[in-house]
**Student:** 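Below you'll find the structure I mean.
Naming convention: chains lettered A, B, ... in sequence-line order (proteins, then strands); numbering from 1 in each chain. Just so it is clear, the values below take in all heavy atoms, side chains as well, and ignore hydrogens, waters and symmetry mates.
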Protein chains: 2
Amino acid sequence: MAGRAGLTAFKLTQAGAEMADDLGFEQVTLSALARRFDVKVASLYSHLKNSEDLKVRLALLALDELADRAGEAIAGRSGKNALIALANAYRDYAQAHPGRFVAARYPLSDTVAATSSGVKLSRMLGAVLQAYGLSDNEQTHAIRFLGSVFLGYTTLESAGGFAHTAVEAQISWERTLDALDQALRHWPV
Amino acid sequence: MAGRAGLTAFKLTQAGAEMADDLGFEQVTLSALARRFDVKVASLYSHLKNSEDLKVRLALLALDELADRAGEAIAGRSGKNALIALANAYRDYAQAHPGRFVAARYPLSDTVAATSSGVKLSRMLGAVLQAYGLSDNEQTHAIRFLGSVFLGYTTLESAGGFAHTAVEAQISWERTLDALDQALRHWPV
DNA sequence: AGGCTATCCTACAGCCATTAGGTTTTCAAT
DNA sequence: ATTGAAAACCTAATGGCTGTAGGATAGCCT
């Protein structure tokens, strides 16, 4: 026997995130995680409340990482440049970490969601929108609009929804960003 | 004993769709379905290949229904009116049938997807876009853009993503549609 | 050294999916 | 009306996953 595995909730979450990217979010089970650490499943319950707990941790990790990248992307930029940088960070993350990206959409309770990096992300969208000079209420509408486009586009793309047409996805993405900028500059009061 | 249940793949799919809307797509299991028909699980295998088969059938059913409603919505309309009608049909369906709406996003194989009503839906988007006079290539980009917005917005809304701000979701939706129309009318060549 | 505590274990129970192979109902053809 | 095959449904068994209860043990602290 080679001593203890030295498990932590964090290590488990980290490993789960890697598994999610490699095998898919739905393949991340406590059983698979236990196999990976050469440990019995029951042992995981010392570190995780249950399998739901693991999924929530994965969601929070993904939101954290996503918010970090978004923050770096918009640093020192504003206006359309900031918009493009944030959008690309979002899309790049989804492509580099498909499993984590699915995890980021795992439904969280209201209280957990309120303390997640999801709100950070939402505030960053607001920061990017500053340059477009909208009122507070309109900014909220615009944040929802932006969030919808980012989520929808990356979801469709990562699900292979664009793979069947010969038309380049990269161009579609550029058009999408241009269209967004256009819509924001002429926001329908 | 009260005779046979008279199962069919269609009846099972129908019941599964109702269960999805009532309890959530992920709660639709062969076991639950068997309980509902007061039948043993193994009996279902005479009608369904396996549980994956059931999920695919649910996805196809949902895409079918969605395409039907979208088709009715745009009949006799064009331009922004058609866009709004299609968008509302999409959103209404997602709200009325949350479980089916999740099912509609269940990943399909390329060959199955190609024969699904998803392509119908995509062609309807193209039809709506006719009024905006885009080239063939640009229309493909615009279809992806529209699909992204519809999917993203309804996903966020049905996941309760807009419930925390006091700002009305209905207004956000109207702004979103106006913004879409704006972007399409001034499509970035 | 002794003891505490976190860590990890065995054992068990429950739910779900799937397969193999048997029984019963239905229905069409005699 | 009988029969015989196909369809519908069943029992039984396997294996994977989650979760709980309670026991053993390693590492650390005094």
**Student:** With B:T8, which residues qualify under side-chain hydrogen bond (donor to acceptor under 3.5 Å, both in side chains), at least two apart?
**Tutor:** none
**Student:** Rounding to a whole Å, what distance do you find between B:L54:CG and C:dA17:P?
**Tutor:** 9 Å
**Student:** Taking only residues two or more places apart in sequence or in another chain, which ones pass side-chain contact (heavy atoms from CB on, under 4.5 Å) with B:S31?
**Tutor:** B:T29, B:R35, B:V41
**Student:** Atom CG of A:L44 and atom P of D:dC17: how far apart are they, to the nearest Å?
**Tutor:** 12 Å
**Student:** Rounding to an integer number of Å, can you tell me how far A:K40 NZ sits from C:dC8 P?
**Tutor:** 14 Å
**Student:** Classify the ring geometry between A:W187 and A:F145 as parallel (under 30°), tilted (30 to 60°) or perpendicular (over 60°).
**Tutor:** tilted
**Student:** Let me know the distance between CG of B:D38 and C1' of D:dC10, rounded to the nearest Å.
**Tutor:** 13 Å
**Student:** Evaluate the side chain to side chain donor-acceptor pair (under 3.5 Å) criterion for residues B:T154 and B:R91: first the C-alpha distance (whole Å), next the side-chain angles of each, then the deciding distance (0.1 Å), finally the verdict.
**Tutor:** CA-CA 6 Å; B:T154 50; B:R91 181 177 179 234; over 6 Å; no
**Student:** What is the separation between atom CG on B:N50 and atom P on C:dA17, rounded to the nearest whole Å?
**Tutor:** 10 Å
**Student:** Closer than 4.0 Å, any side-chain N/O of A:S51 to the OP1 or OP2 of D:dC17?
**Tutor:** no
**Student:** Which nucleotide in the set C:dC16, C:dA20, C:dA11 lies at the smallest distance from any side-chain heavy atom of B:R35?
**Tutor:** C:dC16
**Student:** Can you tell me how far P of C:dA6 sits from CG of A:L48, to the nearest Å?
**Tutor:** 16 Å
**Student:** Using only side-chain N and O atoms of A:H47, determine if any of them is under 4.0 Å from OP1 or OP2 of C:dC8.
**Tutor:** yes
**Student:** How are the rings of B:H186 and A:H186 set to each other: parallel, tilted or perpendicular (split at 30° and 60°)?
**Tutor:** parallel
**Student:** Run the numbers on A:E174 and A:Q170 for side chain to side chain donor-acceptor pair (under 3.5 Å), then give the verdict.
**Tutor:** CA-CA 6 Å; A:E174 290 166 12; A:Q170 179 58 32; 3.1 Å; yes
**Student:** Can you figure out which of C:dC9, D:dC9, D:dA12 approaches the side chain of A:S43 most closely?
**Tutor:** C:dC9
**Student:** Rounded to whole Å, how long is the line connecting atom CZ of A:F37 with atom C1' of C:dC9?
**Tutor:** 18 Å
**Student:** Can you tell me if CZ on A:R105 sees more than 12 non-hydrogen neighbours from other groups inside 6.0 Å?
**Tutor:** yes
**Student:** For B:V39, report the nucleic acid contact type (base, sugar-phosphate, nothing); a contact means any heavy atom under 4.0 Å.
**Tutor:** sugar-phosphate
**Student:** Give me the residues of residues 10-32 of chain A where at least one heavy atom lies under 4.0 Å from an atom of DNA chain C, by number, or none.
**Tutor:** none
**Student:** From the options C:dC8, D:dC10, C:dT18, select the nucleotide whose nearest atom is closest to the side chain of B:Y45.
**Tutor:** C:dT18
**Student:** Could you tell me how far apart B:D53 (CG) and C:dT19 (C1') are, to the nearest whole angstrom?
**Tutor:** 16 Å
